[in-house]
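Chain letters run A, B, ... following the sequence lines, proteins first, then strands; residues in each count from 1. Predicted model only: the values in this text are computed from it and were never measured. Side chains are part of it too, since the values below use all heavy atoms of this structure and drop only hydrogens, waters and symmetry mates.
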There are 2 protein chains.
Amino acid sequence: MAKNEKVTIYDISKRLNISAATVSRALNNNPKISEKTRELVMKTAQELNYKQNRLALALKSGKTNSIGVIVPYINRNFFSAVIDGIEKQLTPHGYNMIICQSHEDAINEADHITSLLNTQVDGIFMSVSMTTHDTIHIEKILENNTPLIFFDRKKDIPGVSSVTIDDFRGGYMATEHLIQQGAQRIAHFCGDLNLEIYKNRNNGFLRALEDHNIPINKNLIIHTNSRIEAGAEAVAKLWSKKNRPDAIFSSSDYAALGAIQELRKLKVKIPEEVGVVGFSNEPFTKYMELPMSSIDQTPVTMGEIAAQVFLEQINNKQHVLSVEKRVVLAPELVVRKSSNKMKSFKGTPPVSTE
Amino acid sequence: MAKNEKVTIYDISKRLNISAATVSRALNNNPKISEKTRELVMKTAQELNYKQNRLALALKSGKTNSIGVIVPYINRNFFSAVIDGIEKQLTPHGYNMIICQSHEDAINEADHITSLLNTQVDGIFMSVSMTTHDTIHIEKILENNTPLIFFDRKKDIPGVSSVTIDDFRGGYMATEHLIQQGAQRIAHFCGDLNLEIYKNRNNGFLRALEDHNIPINKNLIIHTNSRIEAGAEAVAKLWSKKNRPDAIFSSSDYAALGAIQELRKLKVKIPEEVGVVGFSNEPFTKYMELPMSSIDQTPVTMGEIAAQVFLEQINNKQHVLSVEKRVVLAPELVVRKSSNKMKSFKGTPPVSTE
DNA sequence: TATTTCTTTGCAATCGATTGCGTATAACTA
DNA sequence: TAGTTATACGCAATCGATTGCAAAGAAATA
C-alpha cells in the first residue's frame with residue numbers, strides 16, 4: 001500500500017511461505033501448479049497490488065516489447081499519420097513506441113539507431129532522411145539481428161521489408177487526370193531526383209505523356225524543392241515566357257500551393273486556364289479557398305501495414321533466417337476544384353474533416 | 001564480430017583476466033582504477049565492440065532513461081509540435097520518448113498510464129483527454145512516485161507541475177484586437193465550458209468587452225465544437241437574423257475556417273464587414289487564400305519548457321518530497337488578413353514556412 | 001626491518017523474473 | 001506392502017551491470 005515499495009514475487013512468496021519459482025509459475029498459468037496454489041497466488045498478488053517488473057522480464061527474455069520509429073519530422077502530417085497507423089496495430093499487442101526525429105540529418109539518424117539498439121527495441125521502423133546516402137549505420141540494425149521495416153522512403157538493402165506507395169502510379173494518375181481534363185502542355189515540378197520517390201513520380205509523369213502521345217518538353221520540367229516559394233518562383237518564370245503551360249503537376253503540395261498563389265496574383269484562372277495537382281494530400285489542401293487536387297499516400301494504412309509486416313516477421317523468426325516483404329500501396333487521386341473543369345463536381349467523395 | 005552475440009563486461013574481464021567489477025569501474029571512470037587498467041579496458045571494449053546493456057542497468061538502477069508522453073492525437077499539429085519541443089530538450093540528455101495516444105478517451109488514457117508505469121518510465125508528460133473527469137488513474141502516477149508534468153490541458157492535482165498557456169490572455173488579446181479594428185458586435189464561438197481552456201478563453205473575451213465598455217450580448221455567444229461545419233452553421237444562424245456581428249472570435253481555428261467559408265458564400269466581405277480571429281494557429285491558417293488571424297500557443301516552446309521542468313524536478317528529487325511548478329506561457333496574436341482592416345499589413349512577422 | 005597507509009582489485013550480493021533439473025509427497029499399480 | 005508413476009513444488013543458475021566491503025600488494029613511514 002505504501003507509495004514507494006514495489007511488490008515483487010518474493011513478497012508474495014514470503015507471504016504464502018512458498019518459493020518465488022512457484023509464484024512465477026502460478027502467475028504465468030503454468031500447468032504444473034495446482035489449482036489451489038494458483039488461486040492463492042493470484043489473490044495475494046491482487047491484494048498486494050503486484051505488478052510485473054518489465055525490466056527484469058526484458059533482461060531475462062531479451063524482449064522489451066517496445067519498437068522504435070525514426071522519421072524525419074514527427075511534426076509533419078504524413079509522418080504523424082503513419083505513426084498513428086503503427087500505433088493502432090501495435091498497441092493491442094502490448095508494444096510501446098519510441099519515436100525519434102532525424103530532422104533530415106543522417107548523423108542524427110545514426111545516433112538514434114545506436115540508441116534504439118542499446119535500448120534493445122524489438123524492431124525498428126524508419127523512413128530515411130534526405131541526407132542519408134550510405135547505409136552502414138542502417139546495416140548495424142541487421143547485424144544486431146533486429147527486424148527493420150522501411151516505410152515510404154527506403155534504401156535497397158537485401159532482406160529488409162518495406163511499405164511504400166507506388167509513386168510512379170501516383171505521378172501517372174495525376175498526369176493522366178490532367179490530360180483527361182484537356183491539358184496538353186503540362187508542367188512538372190519535380191523534387192530531388194536522387195530520391196527514389198521523386199524519380200518515380202517523374203517517371204510516372206513522363207510515361208503518362210508518352211502513353212497519350214504528348215511530346216515531352218524539357219522546358220516544362222522544373223526542379224524545385226518542397227517549399228511554397230519554390231512553386232511561386234517556378235510559376236513566375238514559366239509565365240514570363242511564351243508557350244505557357246495549361247496544367248501543373250507538382251510532386252509537392254507546398255510547391256503547388258505557391259504556384260496557385262502566384263497564378264492568382266497573375267489573374268490566371270484555375271482550373272479553367274490552368275489545372276493544378278499536388279502530391280501528398282496535406283490537410284491544408286482541402287481547406288483552401290480553392291481546394292487543391294492531390295495524390296493521397298494513405299499514410300495511416302501505410303503504418304498499419306508496416307506494423308503487420310513486423311508482426312509477421314517476428315513470428316516467423318524462429319525458423320526463417322531472413323524474410324523480406326515489399327508492400328507497395330496504391331495511391332489515391334483526390335480530385336478537387338484546382339483541376340476539375342467539369343461543372344458537376346465528380347471526384348472522390350470529400351475526405352472527412354478534422 | 002559475429003552477428004548475434006552480445007558482448008558483456010564478462011567477456012572483457014575474461015579476455016584481460018580481471019574481474020567484471022574492475023571492468024565496470026574502469027568503464028565508468030571510477031578513480032579507484034589505475035590508469036593502466038582503465039586504458040586496457042577501454043581499448044578492449046572498443047575492439048570487442050562492447051555496448052552497455054541498458055536493460056541490466058535499468059534493472060539495477062531503477063532508471064530507464066525513457067519518458068512517456070500521452071496526447072489525445074499525435075496526428076494533430078499542436079501536439080506533434082509539443083512533442084518536438086520535448087524531444088529537443090530530452091534527446092541530448094539521453095532520454096527516449098514513448099508516445100501514446102488517448103484518442104480523447106479516458107479509458108485509453110488509463111491503460112497507457114498503467115503500461116508506462118509498468119515500463120518504469122522516468123517521467124510522464126500528458127495533456128488530458130476531453131473525456132477525463134475523475135483523476136484516480138492519473139493519481140496512480142504519483143503513488144508510484146513518478147514525476148508527472150501536464151501540458152496545455154491539465155487537472156488540478158496538488159504537487160503536479162504544469163505548462164500551459166494563458167488562455168484568458170489569448171481570448172482577451174484576440175477580442176481587444178478586433179475592438180481596435182473597430183468591431184463593436186463581436187460574436188464568440190466557444191467550446192465545451194467544462195474544459196478549463198475554453199472557459200478561460202471565454203472569460204478573456206468577456207473581460208475584454210467589459211474593459212472596453214461593450215455590452216455583453218448573449219445572443220452572440222455560440223457554443224460550437226471544433227469542427228468546420230459547426231462554424232459554418234453558426235454563421236448561417238447568425239446571418240439569418242438581424243443585428244449581425246461585425247467580428248468573430250472563435251476558440252477553434254476549424255470553426256473559424258467554417259465561418260469564413262460560409263461568409264464568403266454569403267458574399268460578406270472579410271475583413272471589411274467582418275473580422276475573424278481563430279485560436280491555435282494551425283498550419284492551414286496561413287496557407288488560406290485569405291490568411292486567418294489566430295492565437296499561437298507556441299507549442300514547441302511549451303514542450304521545451306515542460307522538459308526543462310521535468311529535468312529540474314528529477315534533480316531535486318533526493319531531498320524534496322514534492323515540487324510543483326506551474327508555468328504559464330504568453331500566447332501570441334498572429335494578425336493576418338482575416339482581421340486586418342489597415343492598409344499596411346502590421347502584424348507579427350510572417351511565420352516561417354514549411 | 002617492521003609497521004602503517006594507500007592503491008588497486010576481487011568477492012559476492014543485488015536488481016526481479018524465469019526455468020531446467022531434481023525431489024518430496026501423493027496416488028496408483030501389481 | 002513394495003514398487004512405480006504422477007503431481008507439485010523448491011533449488012539455484014541466469015540475464016548484465018553495479019557497488020559495499022574486504023583484502024592483497026605496493027609504497028611510505030618509523
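- For Leu329(B) against Met302(B), the heavy-atom pair with the smallest separation is CD1-CA, 3.6 Å.
- Remark: Thr37(A) is in phosphate contact with dC9(D), judged by side-chain N or O atoms under 4.0 Å from OP1 or OP2.
- Of the candidate nucleotides dA17(D), dA17(C), dC9(D), dA17(D) has the atom nearest to the side chain of Tyr50(B).
- Regarding contacts with the backbone of dT18(C), a side-chain N or O of Ser24(A) is found under 4.0 angstrom from either OP1 or OP2.
- Not counting sequence neighbours, the partners of Lys88(B) by the salt bridge (charged side-chain N to carboxylate O under 4.0 Å, His left out) test are Asp84(B).
- As judged by a 4.0 angstrom heavy-atom cut-off over every strand, Thr8(A) is placed among residues touching the sugar-phosphate backbone only.
- Under the 4.5 Å side-chain criterion, counting only non-hydrogen atoms from C-beta, Ile138(B) is in contact with Thr132(B).
- Across all non-hydrogen atoms, the minimal contact from Thr146(A) to Val121(A) is CG2-O, 3.8 Å.
- Among the heavy atoms of the strands lying under 4.0 Å from Asn28(A) are primed sugar atoms or P, OP1, OP2 only; no base atom is included.
- Residue-environment remark: NZ (Lys63(A)) exceeds the threshold of 12 foreign heavy atoms within 6.0 Å.
- Side-chain rings of Phe310(B) and Phe125(B) approach one another, their centers coming within less than 6.0 Å.
- Distance Leu27(A) CG to dC9(D) P: 14 Å, rounded to the nearest Å.
- Contact between the side-chain N/O atoms of Ser19(B) and the OP1/OP2 oxygens of dT9(C) is not found at any separation under 4.0 Å.
- Judged purely by atom type and a 3.5 angstrom limit, Asn28(B) has no side-chain atom pairing as donor or acceptor with the backbone of Asn30(B).
- Atom CZ of Arg15(B) sits in a sparse spot, with 12 or fewer heavy atoms from other residues, nucleotides or ligands closer than 6.0 Å.
- Not counting sequence neighbours, the partners of Ser161(B) by the side chain to side chain donor-acceptor pair (under 3.5 Å) test are Gln313(B).
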Would you tabulate the pairs of protein nitrogen or oxygen atoms and nucleotide nitrogen or oxygen atoms of nucleotides 20-22 of chain C closer than 3.5 angstrom?
from, atom 1, to, atom 2, distance (Å)
dG20(C), O6, Arg25(A), NH1, 3.4
dG20(C), O6, Arg25(A), NH2, 3.0

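- To the nearest 0.5 Å, atom OH of residue Tyr73(A) and atom CD of residue Glu104(A) are 5.5 Å apart.
- Position along DNA chain C of the nearest nucleotide to Gln52(A) versus Asn17(B) favours Asn17(B) as the more 5'-ward residue.
- In this structure, CG of Leu16(A) is placed 17 Å from P of dA8(D), rounded to the nearest angstrom.
- If you measure from atom CZ of Arg38(B) to atom C1' of dT9(C), you get 13 Å, rounded to the nearest angstrom.
- At whole-Å resolution of the value, CD1 in Ile33(A) and P in dT7(D) are 13 Å apart.
- In this structure, the CZ atom of Arg54(B) is 13 Å from the P atom of dA17(D), given to the nearest Å.
- Considering only residues two or more places apart in sequence or on other chains, Glu39(B) meets the salt bridge (charged side-chain N to carboxylate O under 4.0 Å, His left out) condition with none of them.
- How far OG1 of Thr164(B) is from CG of Asp152(B): 7.5 Å, rounded to the nearest 0.5 Å.
- Rounded to 10 degrees, the angle separating the terminal axes of the helix from dT1(C)-dA30(D) to dA30(C)-dT1(D) is 60°, with each axis obtained from five end pairs.
- Of the listed nucleotides (dG10(D), dG16(C), dG10(C)), dG10(C) has the atom at the smallest distance from the side chain of Ile18(B).
- Listed nucleotides: dG16(C), dA8(D), dA17(D). Nearest to the side chain of Ser34(A): dA8(D).
- To the nearest angstrom, C1' of dG16(D) lies 12 Å from NZ of Lys14(B).
- Rounded to whole Å, atom P of dT9(C) lies 10 Å from atom CG of Leu40(B).
- The stretch residues 55-65 of chain A touches DNA chain D through Leu59(A), Lys60(A), each having a heavy atom within less than 4.0 Å of the strand.
- Remark: C1' of dT9(C) and CD of Glu35(B) are 16 Å apart, rounded to the nearest angstrom.
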